[in-house]
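Here is the structure we will look at.
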Amino acid sequence: MKLLHVSDLHLDSPFAGLGNDSPQLQKELINAPFKAFERCVSIAINEDVDVMLISGDVYNSERQSIVAQHFFMKQMERLDKVDIPVVLIHGNHDYIRPDKARMVYPDNVHALDSRQVSRYEFNLEDGRLVQIHGFSYTTKWIHERVISDYPINNNPDAFSIGLLHGALEGIESDSGNYAPFSIEELLSKNYDYWALGHIHKAEVMNQEPLIQYAGTIQGRHINETGDKGCYIVELEKGQKTTNTFYSLASIVWENAKLECQSDWQANDIIGELQQIRANFQDEANANQQTYFIHVELTQAQRLEPQLLEQIQDGEFFQVLDQDYHESPFVLIHRMTPKLNVSLDVFHFDPGLEESFNKVVEELEGGDRFKTVVSDLYQHPLIKRHFNLEHDESLQEDMIYSARQLIAQMIGLDKETEDETHEN
């Protein structure tokens, strides 16, 4: 059998932090997931797949816009016209609220929309049975090991497939919130394929039987770099499974590093940035994909303080003359100076170093960061003009900057203390 596995469409994604200064750019960003899934449906039709599997998070929230619902329904109707069935589940973003009526889909769409593991069956043209098992989120978090409720496949002639939106133990620090499971538990079910969702990076977890995350169809921010898409999987009893990636993203996020030199002036940096953009433009033209580039300026402590301040104030964007009116284009959307500040400044006080590391760990892994900035997030002005709650790179940037600043301050204090002792 031939199936198409796609996940984490996140229609209606806000794309925080970009496009506020350009309605055209904002429109391009918002439309990207829609364009990606429309292409996905075209691929399913052109490849004449036996079924499309969607492993959760069709939408970005439990409250979907009319535009997103209408678009998704139209795509399902396209598949219905060519008799391609769709089996989907709901994830932690588009979980089903008990007080909300279920979506009425075309006859070809089968939503396993219960919190309990359920099954959809159909027969291939040659009569062989296909069994697809899965469940949907009815709350934002699921702490239980729902994997234990999946039945064991005892029919060696049937194709048995598992749909699961959850976190593999060890991948995420909060894996316990999203229907945690282990590879051993998946293998114990004797399924031919596991179609996983939730992690936005495509990743093969096991080869035979094939267990994999399809990833998301369109990167939404600088932490979701690289191409995104879907997979067509071909299963045959007793044969090696084939797994083919199909690119869907119209916008690709990438990182570039630029090592600063001590003699650089503003024009030197502008020239280097233009060269980076030219290099990516070749890729953009070849792949017909727009690229958003985050440039990390390493060894930024080598630059003059005034020049570093101008970078942080965003003055360089005023002279880069970035044209995003023609597609595909390359846009340098962020420049981050990285100062090579040594944390060895704590060597004179192990207790201080331990306290510092503990605070950083709490900010990075727990809810402390959200607690600290919650008042800022809820301010009416911020909520109206920005989407800081959805800007997943903001926490990383703020913690990094705070670490560097503290290390610099302590380092200066240590130098002053040493000079005092020497005198």
Side-chain angles (χ1 to χ4, degrees), residues 1-8 44 47-56 83-91 108-138 142 144-171 175 178-199 202-215 230-244:
M1 68 171 296
K2 181 191 286 188
L3 64 88
L4 187 148
H5 174 200
V6 66
S7 186
D8 295 86
E47 293 293 327
D48 191 25
V49 299
D50 294 307
V51 63
M52 174 184 284
L53 305 177
I54 305 178
S55 305
D83 297 322
I84 294 179
V86 178
V87 184
L88 66 86
I89 58 176
H90 292 261
N108 67 314
V109 180
H110 310 278
L112 305 179
D113 55 6
S114 170
R115 171 61 178 75
Q116 305 302 316
V117 176
S118 57
R119 177 174 63 194
Y120 171 70
E121 295 183 346
F122 69 97
N123 292 97
L124 301 172
E125 290 183 0
D126 62 6
R128 284 184 294 178
L129 179 66
V130 178
Q131 303 172 330
I132 302 173
H133 308 269
F135 74 96
S136 287
Y137 283 59
T138 54
I142 293 181
E144 297 80 18
R145 303 188 75 83
V146 186
I147 182 59
S148 61
D149 298 330
Y150 281 73
I152 294 175
N153 173 37
N154 293 315
N155 185 348
D157 297 323
F159 287 110
S160 290
I161 297 167
L163 270 176
L164 174 57
H165 191 92
L168 176 69
E169 290 180 340
I171 283 186
S175 60
Y178 304 106
F181 62 88
S182 67
I183 295 299
E184 290 73 17
E185 288 171 305
L186 301 188
L187 293 174
S188 71
K189 304 301 178 179
N190 296 329
Y191 290 2
D192 297 284
Y193 181 65
W194 278 96
L196 305 180
H198 181 58
I199 303 300
E203 190 168 1
V204 172
M205 315 307 295
N206 192 77
Q207 289 289 350
E208 293 290 343
L210 183 59
I211 301 173
Q212 72 174 348
Y213 284 103
C230 64
Y231 286 86
I232 287 186
V233 179
E234 296 185 62
L235 303 172
E236 182 57 65
K237 294 292 184 178
Q239 303 293 323
K240 183 179 179 181
T241 301
T242 63
N243 188 33
T244 307

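Basis for what follows: all heavy atoms, side chains included, without hydrogens, waters or symmetry-related copies.
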What verdict does the side chain to side chain contact (heavy atoms under 4.5 Å, CB included) test give for I161 and L3, after you've listed the backbone C-alpha separation in whole Å, the side-chain angles of each residue and the deciding distance to 0.1 Å?
CA-CA 10 Å; I161 297 167; L3 64 88; 3.6 Å; yes

Holding to ring-ring contact (aromatic ring centres under 6.0 Å, His included), I want the full list of residues that pass it with H90, two or more places apart in sequence or in another chain.
none

Candidate list V49, V51, D192, test side chain to side chain contact (heavy atoms under 4.5 Å, CB included), partner M1, passing option
V51

Calculate, to the nearest 0.5 Å, the distance between atoms CD1 and OG1 belonging to I232 and T244 respectively.
7.0 Å

Hey, could you give me the OH/CG distance between Y213 and L164, rounded to the nearest 0.5 Å?
7.0 Å

If I take atom CD1 from residue I211 and atom OG1 from residue T241, how far apart are they, to the nearest 0.5 angstrom?
11.0 Å

SB check R145 E184 (cutoff 4.0 Å):
no

Rounded to the nearest 0.5 Å, what separates atom CD1 in I152 from atom OG in S160?
11.5 Å

Shortest non-hydrogen contact from E47 to K2?
O-NZ, 3.1 Å

What distance separates L112 CG from S114 OG, expressed to the nearest 0.5 Å?
9.0 Å

Taking every non-hydrogen atom, the tightest pair across H165 and F135
O-CZ, 4.4 Å

Considering only heavy atoms from C-beta outward, does the side chain of I147 approach that of S182 to under 4.5 Å?
no

Contacts of Y193 that satisfy ring-ring contact (aromatic ring centres under 6.0 Å, His included) - sequence neighbours left out
H5

Closest approach of L186 to W194 (non-hydrogen atoms, all atoms of both residues)
O-NE1, 3.2 Å

Determine whether more than 12 heavy atoms belonging to other residues, nucleotides or ligands lie under 6.0 Å from atom NZ of K240.
no

How long is the straight-line distance from CD of E234 back to CG of D50, given to the nearest 0.5 Å?
9.5 Å

Which atom of I199 lies closest to which atom of D8, heavy atoms considered
O-OD1, 4.4 Å

Counting only heavy atoms not in E125 (residues, nucleotides, ligands), do more than 12 fall under 6.0 Å from its CD?
no

Check for a donor-acceptor pair, side chain of N108 on one end and backbone N or O of I84 on the other, with a separation under 3.5 Å.
yes

List the atom of P180, the atom of E144, and the distance in Å for their closest heavy-atom pair.
CD-O, 3.7 Å

Report yes if the side chains of M52 and L88 come closer than 4.5 Å at any heavy-atom pair, otherwise no.
no

Which pair of non-hydrogen atoms, one from S148 and one from K189, has the smallest distance, and what is that distance?
O-NZ, 3.8 Å

Could you check V117 against V146 for side chain to side chain contact (heavy atoms under 4.5 Å, CB included), going step by step and ending with a plain yes or no?
CA-CA 8 Å; V117 176; V146 186; 3.8 Å; yes

Using the six-membered ring wherever Trp is involved, compare the ring planes of Y178 and Y137 and label them parallel, tilted or perpendicular (cut-offs 30° and 60°).
tilted

Pairwise side-chain contact, I132 with H110, heavy-atom cut-off 4.5 Å (strictly under)
no

Just so I know, are the side chains of I142 and R115 near enough to count as touching, which here means a heavy-atom distance under 4.5 Å?
yes

Between the side chain of S55 and the main-chain N/O of S7, is any donor-acceptor distance below 3.5 Å?
no

